[in-house]
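Notes for the one structure printed next.
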2 protein chains.
Amino acid sequence: MDVQTISDEELRRLPVLTALSEEQLGRVRRGARLVQLVEGEHLFEHGQKAERFFMLRDGRIKLYRLSPEGDEKVIEIIRPGQSFAEAVMFMEGKRYPVSAQALVRSELVAFDNATFLQILRESVETCFRVMAAMSMRLRARVNEIEALALQNATLRLVNYLLGEVPENAGDTAEIRLPAPKNVIASRLSVQPETLSRILHQLSDKGLITVQGRTITLHDIPALRRYGGLA
Amino acid sequence: MDVQTISDEELRRLPVLTALSEEQLGRVRRGARLVQLVEGEHLFEHGQKAERFFMLRDGRIKLYRLSPEGDEKVIEIIRPGQSFAEAVMFMEGKRYPVSAQALVRSELVAFDNATFLQILRESVETCFRVMAAMSMRLRARVNEIEALALQNATLRLVNYLLGEVPENAGDTAEIRLPAPKNVIASRLSVQPETLSRILHQLSDKGLITVQGRTITLHDIPALRRYGGLA
DNA sequence: GACTGAAAATGACCCGTCTCAAGTTTCCGG
DNA sequence: CCGGAAACTTGAGACGGGTCATTTTCAGTC
């Protein structure tokens, strides 16, 4: 399996590659490599020099930070179709600010930063797309900071669940957690025990049903009121 | 007092304006306005449509979020020379993700987003500077998330104080808090009472001396060991 | 230099979440 | 289909930081 076999169409599905010409896309592809990871394998580590950014094709990647004591905080769980680490090439030092590890066997495309920077110089349109992507992430991080500072564990969980609900959903939805509960717990900055208890409480109130990684939300409007968000 | 009287030099000190031609800078200036705020006055509110971004010339601006219950989380305290809200023009919806309020009488330059976007289309170099600025902020936010998730109140305070130390400082430094302690407390996601207590504890240990808003760090290496950061 | 309201400090108590220690269930590889 | 490890749940107890109430300090100001 080789990068060359990936269709233009698939690559262009990435917002930051959408606006590229045939020729530019060709260059990007030539600089790219296909990467396969087994469960638990690391893609990069915090502090490592960044030479590539990525698109996940299949599997699941966890971005996280480790404290000196070894405590882990999951910053984000990447799913197929998402790109990540595009912003690192603009940081001074160009070092990954987080570590990335495969939660399950995964396949990704690794794009070369140098090549992409070259193309950015030729395509203002693509610059705009990169800026749009970065601003989205920036806003997401601010939301996360607010959540950590102003919301308790239950609120954070409820809002997280609501964020997992598909756009077109009605008053009820069934969602599947993108990772084991202990990873979700870290993503929410809560201990696994606490997550388990909160899930139980919400079940008791009849708001949700939990079956392994599958969670059914029985009354989304009620949960929204609970979460108190737009 | 009028925007026209601001020197090119002062404007170019802003990284995102450094690379502009004489003519482009002229256009930016023509789209800009000078804004004066008295203490407590708001520059914009969370959710408001964003038509401008800003450079602070004098004073101090606090960027913050409010919970539905009215609790406040200070995201950042802006100081003279800094620009902010440049990323908002790329967000979908183009609404400010935070509120901005003057902590003291302040003066700022308000740049027109539409004008600036036009210039970005002409200057890839400026796009790169915007991306660099955004990536810095992104990393800062990730650091903040880690701090909230993995560090206790004392650690957050120590690291905050260390962040205030000038580059050229030796083993000791005197710093001045950029805002009243209750604002710093919110910035650190701690109650004012708790901040007061922690400050007191660090004094007791002889690590710092507190005199109003002025804090003397007596042993920066020891504080670094304490904070446990690079 | 006394007056006043805001900011800060202090004490007592409380609560949400963590920690530690067992269970229990689920999921795989053989 | 079995055995073992990992994931998850549950209970008991501890603790960091929050809350509330009160006092002290300080910056202006008349």
Side-chain angles (χ1 to χ4, degrees), chain A residues 38-40 60 62 67 69-74 77 101-105 147-160 176-204 208-215 226, chain B residues 38-40 60 62 67 69-74 77 101-105 147-160 176-204 208-215 226:
Chain A
V38 300
E39 179 175 336
R60 207 125 296 184
K62 130 187 127 178
S67 77
E69 295 78 43
D71 297 326
E72 178 178 303
K73 162 63 182 172
V74 172
I77 299 165
Q101 183 186 22
L103 288 168
V104 295
R105 167 186 298 284
L148 289 169
L150 264 18
Q151 296 175 189
N152 63 24
T154 304
L155 239 47
R156 291 205 298 278
L157 171 60
V158 168
N159 287 140
Y160 176 81
R176 191 161 170 77
L177 298 178
K181 293 209 185 82
N182 56 10
V183 176
I184 303 295
S186 170
R187 167 61 252 277
L188 295 172
S189 295
V190 163
Q191 292 307 121
E193 294 94 328
T194 303
L195 176 60
S196 176
R197 283 186 249 265
I198 295 174
L199 246 13
H200 197 103
Q201 288 162 22
L202 293 174
S203 293
D204 284 352
I208 65 174
T209 302
V210 182
Q211 287 158 87
R213 270 199 209 173
T214 303
I215 298 181
Y226 207 103
Chain B
V38 298
E39 179 175 335
R60 208 127 294 184
K62 133 187 125 178
S67 76
E69 296 77 41
D71 298 325
E72 179 178 302
K73 161 63 182 171
V74 172
I77 299 165
Q101 184 186 22
L103 288 168
V104 297
R105 167 186 297 286
L148 288 169
L150 299 176
Q151 297 175 187
N152 64 22
T154 303
L155 239 49
R156 291 205 297 279
L157 171 59
V158 168
N159 288 141
Y160 176 81
R176 194 163 167 74
L177 297 178
K181 293 212 185 82
N182 58 9
V183 176
I184 302 296
S186 169
R187 168 60 251 278
L188 296 172
S189 295
V190 163
Q191 290 307 119
E193 294 93 327
T194 304
L195 176 59
S196 176
R197 284 186 249 265
I198 295 174
L199 246 13
H200 197 102
Q201 289 163 21
L202 293 174
S203 294
D204 284 352
I208 65 173
T209 303
V210 183
Q211 289 158 85
R213 271 200 211 173
T214 303
I215 298 181
Y226 206 104

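Letters A, B, ... mirror the listed sequences (proteins, then strands); counts begin at 1.
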Whole-Å gap separating [atom2] ([N]) and [atom1] ([X]):
X	N	atom1	atom2	answer
A/Asn152	D/dT19	CG	P	11 Å
A/Asn182	D/dT9	CG	C1'	13 Å
B/Leu188	D/dG17	CG	P	12 Å
B/Leu157	D/dG17	CG	P	11 Å
A/Gln201	D/dT9	CD	P	13 Å

### Message
Measuring from atom CD of A/Gln101 to atom CZ of A/Arg60, what distance do you get when rounded to the nearest 0.5 angstrom?
### Response
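Rounded to the nearest 0.5 Å, the CD-CZ separation comes out at 15.0 Å.
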### Query
Once you round to the nearest 0.5 Å, how far does CD of B/Gln191 lie from CG of B/Asn182?
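It is 10.5 Å, given to the nearest 0.5 Å.
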### Task
At the 4.0 Å heavy-atom cut-off to chain B, mark where contacts on DNA chain C begin and end, going 5' to 3'.
C/dA8 to C/dA12
So which atom in [X] and which in [Y] form the shortest heavy-atom distance, rounded to 0.1 Å?
X	Y	value
A/Leu157	A/Leu202	CD2-CD1, 4.0 Å
A/Leu188	A/Tyr160	CD2-CB, 3.5 Å
B/Lys73	B/Ser189	NZ-OG, 2.9 Å
A/Thr154	A/Tyr226	CG2-CE2, 3.8 Å

#### Entry: B/Glu39 or A/Thr154, whichever maps to the more 5' nucleotide of DNA chain C
B/Glu39
### Query
How far does the helix from C/dG1-D/dC30 to C/dG30-D/dC1 bend, going by the axes of its first and last five pairs, to the nearest 10°?
50°
### Query
Is a donor on one side and an acceptor on the other found under 3.5 Å between the side chain of B/Arg156 and the backbone of B/Gln151?
yes
#### Entry: Donor-acceptor under 3.5 Å (A/Lys181 side chain, A/Gly212 main chain)
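Here the side-chain-to-backbone pair exists.
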### Query
Among residues 189-199 of chain B, which contact DNA chain C at a heavy-atom distance under 4.0 Å?
B/Glu193, B/Ser196, B/Arg197
### From CA spacing to verdict: side-chain contact (heavy atoms from CB on, under 4.5 Å), A/Ile184, A/Ile77
CA-CA 9 Å; A/Ile184 303 295; A/Ile77 299 165; 3.9 Å; yes
### Message
Pair B/Val74, B/Glu72 - check side-chain contact (heavy atoms from CB on, under 4.5 Å), show working.
### Response
CA-CA 6 Å; B/Val74 172; B/Glu72 179 178 302; 3.7 Å; yes
#### Entry: Short side-chain N/O contact to D/dT9 OP1/OP2 from A/Lys181, under 4.0 Å
yes
### Message
I'd like to check A/Val183 versus A/Leu103 (side-chain heavy atoms, cut-off strictly below 4.5 Å). Are they in contact?
### Response
yes
